[in-house]
Amino acid sequence: FSMGQTFCIHCLGSSAMRTGEGFFSAWSELELEVYFCNPCVSVLAHIQANLEDDLVKEALKTGVDLRQYSKQVESELQRIEQASIKDYNQCNCSCPGSIYYFTCMRMEGMLSGFQSDLWSISSEIQTLQQQSVSMSVRLKNRQAVRSHLSQLVDELVVPGAMISTILDSPVTEQEFLEQLHELNNKINFAKELSFRETLACSDIQDIVDRLKLKAVSKIREFILQKIYSFRKPMTNYQIPQNTLLKYRFFYQFLLANERTVAKEIRDEYVDTMSKIYYSYFKSYSSRLLKVQYEEVADKDDLMGVEDTAKKDILHKSGFFSKPSLKSRNTIFTLGQRGTILSPAELEGPILVPHTAQRGDCRYPYETLFRSQHFGLLDNGCREFLFLCDFFMVTGNSALDLFNCIMGKTLAMFLKSMSTYVSDCYDSIAIFLCIHIILRFRAITAKRNIPVLDKYWDAVLELLWPRFELILEMNIHSIRSTDPQRLGVLDTRPHYITRRYAEFSSAIVSINQTFPNEKTHTLLGQLQVEVENFVLKMAAEFPSRRDQLIFLINNYDMLLGVLMERAADDSKEVEGFQQLLLARTQEFIEEILSAPFGGMIAFVKEAEALMEKGQLDRLKNDEARITQLVRGFSSSWKQSVEAMSQEVMRSFTNFKNGTSIIQGALTQLIQYYHGFHKVLSQPTFRALTVRSELINLHHLMVEVKKHKPNF
């Protein structure tokens with residue numbers, strides 16, 4: 001509500017019934033003006049007329065309950081209705097002159113007319129329903145025909161924009177590529193319609209054919225230009241290859257619509273790339289060989305060949321100077337050559353020959369081999385992916401196409417490698433090349449590139465037999481070595497055993513990643529021959545002590561070299577550890593026997609008799625025991641000092657010498673402790689010389705002073 005509004009009082013009364021006191025407070029505060037609206041006036045007039053009825057007046061005067069009165073009136077009406085029906089049924093409607101007869105006839109006529117009208121309406125409704133269903137079916141059929149017909153018309157119509165683009169636009173523009181897709185769709189659609197003998201197809205066939213010929217001509221010229229650009233000197237052919245991949249749909253279009261041109265392009269590409277790869281790798285391989293070490297291993301560089309043989313050859317040839325390290329390669333030592341198998345080196349950039357020549361650098365064969373084959377791997381993988389993507393080939397078709405391009409190059413590689421390997425005696429280089437191929441094969445398998453698998457197998461079939469042959473030659477050279485021809489005897493490690501140690505550690509360390517049972521077998525044979533050689537060399541020494549010193553020095557050197565590269569639990573390491581331990585223990589007994597042999601012999605004899613319970617057999621050896629006790633007390637310090645100096649002079653490895661001295665002193669204390677134990681038995685307790693025995697703890701303290709520290 002707002003001030004000054006006017007409202008119908010009857011309507012306001014209805015609102016007051018709903019809102020309660022809030023309505024009256026708003027009315028009084030806002031001073032609303034009221035009146036009677038037209039609907040309310042008519043209602044009030046009707047109420048007034050009903051109030052003037054006699055029955056209503058009588059009911060209002062007597063205070064009749066309106067609800068009760070309403071029920072009474074309703075029951076009265078029902079009674080009158082039933083009576084009327086009864087009277088009607090009792091009347092005689094069959095009499096023609098009766099009023100009821102005419103009334104019934106009129107009602108019958110009216111009902112018959114009404115019935116006929118209803119029948120006609122029902123018939124019309126059925127007709128309309130049938131017409132509606134028929135119209136719905138026709139509408140659906142027309143809509144279906146319209147969709148197919150509109151699609152047919154769209155596919156058949158050749159727009160002017162397509163014609164102008166195919167004829168005038170360069171093939172490198174995006175619009176040409178889009179219109180070429182549309183043209184390809186129309187060609188395929190026209191082929192489909194021609195099988196159905198659609199007459200409308202003949203109207204556009206001529207235009208589509210001419211556009212197809214024009215597109216084929218432009219595409220052929222574009223692709224051939226790109227292929228011919230590969231042939232230019234110093235061209236990076238990967239750039240035009242990437243360009244062709246952007247327009248790979250061109251070849252797909254040719255393959256679908258003009259197979260003759262597609263075959264021409266494919267053959268031209270195969271011929272061009274085959275010549276490019278062959279020329280490139282042939283030139284690169286020949287230039288790589290120019291930076292190889294000048295001096296390489298030959299048939300005289302075997303493990304069992306004495307050094308004097310090569311010196312005599314060099315002397316007779318007039319070569320008195322030692323080749324520089326830049327032109328020499330180690331034969332039995334791995335050194336830094338093994339780094340070629342590390343991931344950083346294995347997949348590193350290839351060598352640039354002219355840069356290496358400018359820097360006067362030389363490399364071992366395996367480095368050149370790695371560079372050559374990594375270039376092959378990289379280019380081969382890229383070429384295979386390009387062929388599959390651009391020429392849309394897979395499986396055996398892709399392998400055949402790749403072999404058409406790279407087959408000549410791969411055959412050249414195998415031929416040159418066969419020539420080199422047949423005259424190679426560098427077993428470490430061959431073995432490194434084998435493991436380079438094994439790793440490259442794993443890389444191609446990881447990349448899912450199977451095209452080089454047969455080549456890898458062919459290379460391994462060349463390298464493995466050669467490696468085994470060189471290893472067998474080394475085994476034979478050691479077996480046939482005559483110790484008497486190897487010059488002056490020396491207890492220091494022999495150069496043949498050092499060769500074996502370096503070579504064996506190199507092969508074992510390389511072989512850990514891809515173990516080969518044949519290699520393990522050959523190394524086992526080589527180890528047996530080296531052990532026999534060491535024993536034959538030791539037999540040349542007149543004294544057992546010198547023999548043991550020679551054996552220990554060689555075994556220790558072998559272990560030291562092997563443990564730098566091979567695992568501690570390898571067969572080679574375990575075998576030489578057992579040999580070294582046995583010979584060291586024997587040597588300790590040997591050096592203790594000279595100054596302390598009498599005491600040691602007595603202790604061993606007494607302990608044996610003690611076990612049998614016959615110690616009383618030594619009861620009469622008092623003089624012998626007295627001499628042993630006083631002799632040890634007076635000379636043990638000088639003997640230990642002399643023994644230590646002799647050991648340190650005899651062994652080239654100070655650590656090994658220290659270990660032997662410590663073992664000898666420990667063994668000496670154990671023998672002296674056994675001496676004490678024997679003299680403490682009841683048989684010898686009465687001996688007065690027992691008081692001259694050195695206290696065992698005091699002896700241990702004094703012995704520690706003689707342990708060398710390095």
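Position 1 is the first residue of the sequence, and the numbers go up from there.
No side-chain donor-acceptor contact under 3.5 Å links Asn516 and Asn511. Between the side chains of Glu383 and Gln241, at least one donor-acceptor pair of N or O atoms lies under 3.5 Å. Under the 3.5 Å distance criterion, with hydrogens and angles disregarded, a donor-acceptor pair is assigned to the side chains of Tyr237 and Asn379. A donor-acceptor pair shorter than 3.5 Å cannot be found between the side chains of Arg337 and Thr367. Side chain to side chain, Glu175 and Gln179 fail the donor-acceptor criterion of an N or O pair below 3.5 Å. In the model, Tyr284 has a side-chain atom that pairs as donor or acceptor with a side-chain atom of Ser371 under 3.5 Å.
Heavy-atom neighbours of Asn236 CG from other residues, nucleotides or ligands within 6.0 Å: above the threshold of 12. Counted within 6.0 Å of NE2 on His476, heavy atoms from surrounding residues, nucleotides or ligands total 12 or fewer; the atom is thus considered open. Under a cut-off of 6.0 angstrom, the local environment of CG in Asp482 is crowded, with over 12 non-hydrogen atoms contributed by other residues, nucleotides or ligands. Other residues, nucleotides and ligands contribute over 12 non-hydrogen atoms within 6.0 Å of the CZ atom of Arg287. Crowding of Lys536 atom NZ: a count of heavy atoms from other residues, nucleotides or ligands under 6.0 Å exceeding 12.
At least one donor-acceptor pair closer than 3.5 Å links the side chain of Ser509 to the backbone N or O of Ala506. Between the side chain of Arg466 and the backbone N or O of Tyr425, no donor-acceptor pair lies under 3.5 Å. Of the possible polar contacts, none joining the Thr333 side chain to the Glu502 backbone as a donor-acceptor pair under 3.5 Å is found. Of the possible polar contacts, none joining the Arg479 side chain to the Val530 backbone as a donor-acceptor pair under 3.5 Å is found. Formation of a donor-acceptor pair under 3.5 Å by the Asn553 side chain with backbone atoms of Phe651 is not found in this model. A donor-acceptor pair under 3.5 Å is absent between the side-chain atoms of Lys290 and the main chain of His354, judged by distance alone. Judged by distance alone, with hydrogens and angles left aside, the side-chain atoms of Ser418 form no donor-acceptor pair with the main-chain N or O of Lys415 at under 3.5 Å. With hydrogens and angles disregarded, a donor-acceptor distance shorter than 3.5 Å links the side chain of Ser422 to the backbone of Thr419. Side chain of Asp556 to main chain of Ile552: no donor-acceptor pair is present (N/O by atom type, distance under 3.5 Å, no hydrogens or angles).
For Pro483 against Met537, the heavy-atom pair with the smallest separation is CB-SD, 3.3 Å. Closest approach of Leu562 to Ala501, counting heavy atoms only: CD2-O, 4.1 Å. Heavy atoms only, all atoms of each residue included: Phe550 and Asp490 are closest at CD1-O, 3.3 Å. Summarising the geometry of Met303 relative to Phe332, their closest heavy-atom pair is N-CZ, 3.5 Å, with the distance given to 0.1 Å. Residues Gly338 and Leu334 share a closest heavy-atom pair of N-CD1, 3.7 Å. Contact detail for Thr652 and Pro493: the closest heavy-atom pair is OG1-CD, 3.8 Å.
With rounding to the nearest 0.5 Å, the separation of CD1 in Ile660 from CZ in Arg583 is 12.5 Å. Remark: Phe230 CZ to Lys275 NZ distance equals 14.5 Å, nearest 0.5 Å. We find the SG-CZ distance between Cys433 and Arg370 to be 11.5 Å, quoted to the nearest 0.5 Å.
A salt bridge between Asp423 and Lys299 is absent, with no side-chain N of the basic residue lying under 4.0 Å from a carboxylate O of the acidic one. For the pair Arg441 and Asp453, the salt-bridge criterion is not met [side-chain N within less than 4.0 Å of a carboxylate O].
Partner of Glu268 under the salt bridge (Lys or Arg N to Asp or Glu O under 4.0 Å) criterion, chosen from Lys263, Lys226, Arg231, Arg220: Arg231. Residue Leu399 forms a side chain to side chain contact (heavy atoms under 4.5 Å, CB included) with just one option from Val451, Leu387, Thr394, Val393, and that option is Val451. For the side chain to side chain contact (heavy atoms under 4.5 Å, CB included) with Leu559, the lone residue among Val573, Asn554, Asn656 that qualifies is Val573.
The shortest distance between side-chain heavy atoms of Ile430 and Asp426 does not fall below 4.5 Å. Using a 4.5 Å heavy-atom threshold, the side chains of Tyr555 and Thr497 count as separate. Residues Leu213 and Ser217 fail the side-chain proximity criterion, which asks for heavy atoms closer than 4.5 Å. Side-chain atoms of Ile496 and Val305, non-hydrogen and from C-beta on, never get closer than 4.5 Å to each other. Residues Arg266 and Leu401 have side chains in contact (heavy-atom distance under 4.5 Å, counting atoms from C-beta outward). Under the 4.5 Å side-chain criterion, counting only non-hydrogen atoms from C-beta, Thr339 is in contact with Gln336. Using a 4.5 Å cut-off on side-chain heavy atoms (C-beta onward), Cys361 and Tyr363 make contact. Using a 4.5 Å cut-off on side-chain heavy atoms (C-beta onward), Leu471 and Ile507 make no contact.
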- Stepwise, does the salt bridge (charged side-chain N to carboxylate O under 4.0 Å, His left out) test hold for Arg382 with Asp378? CA-CA 6 Å; Arg382 182 182 180 86; Asp378 191 44; over 6 Å; no
- Item | Trace of the ring-ring contact (aromatic ring centres under 6.0 Å, His included) decision for Phe503 with Tyr500 | CA-CA 5 Å; Phe503 177 78; Tyr500 164 77; 7.9 Å; no
- Assess whether ring-ring contact (aromatic ring centres under 6.0 Å, His included) is satisfied between His181 and Phe176, documenting all intermediate values. CA-CA 9 Å; His181 277 280; Phe176 180 86; over 10 Å; no
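Partners of Ala458 according to the side chain to side chain contact (heavy atoms under 4.5 Å, CB included) rule, which considers only residues two or more places apart in sequence or in another chain, are Leu414. Partners of Tyr420 under the side chain to side chain contact (heavy atoms under 4.5 Å, CB included) rule, at least two apart in sequence or in another chain, are Gln292, Tyr365, Cys424.
Ring planes of Phe533 and His494: perpendicular class, angle over 60° (limits at 30 and 60°). Ring pair Phe253/Phe249 is tilted by interplanar angle, where 30° to 60° counts as tilted. Note: Phe413 and Tyr455 have tilted aromatic rings, judged against thresholds of 30 and 60 degrees for the angle between ring planes. Note: Phe374 and Phe440 have tilted aromatic rings, judged against thresholds of 30 and 60 degrees for the angle between ring planes.
Counting only residues at least two apart or in different chains, ring pair (Phe, Tyr, Trp, His ring centres under 6.0 Å) contacts with residues 379-405 comprise Tyr251-Phe390, Tyr251-Phe391, Tyr269-Phe386, Tyr269-Phe391, Phe386-Phe390.
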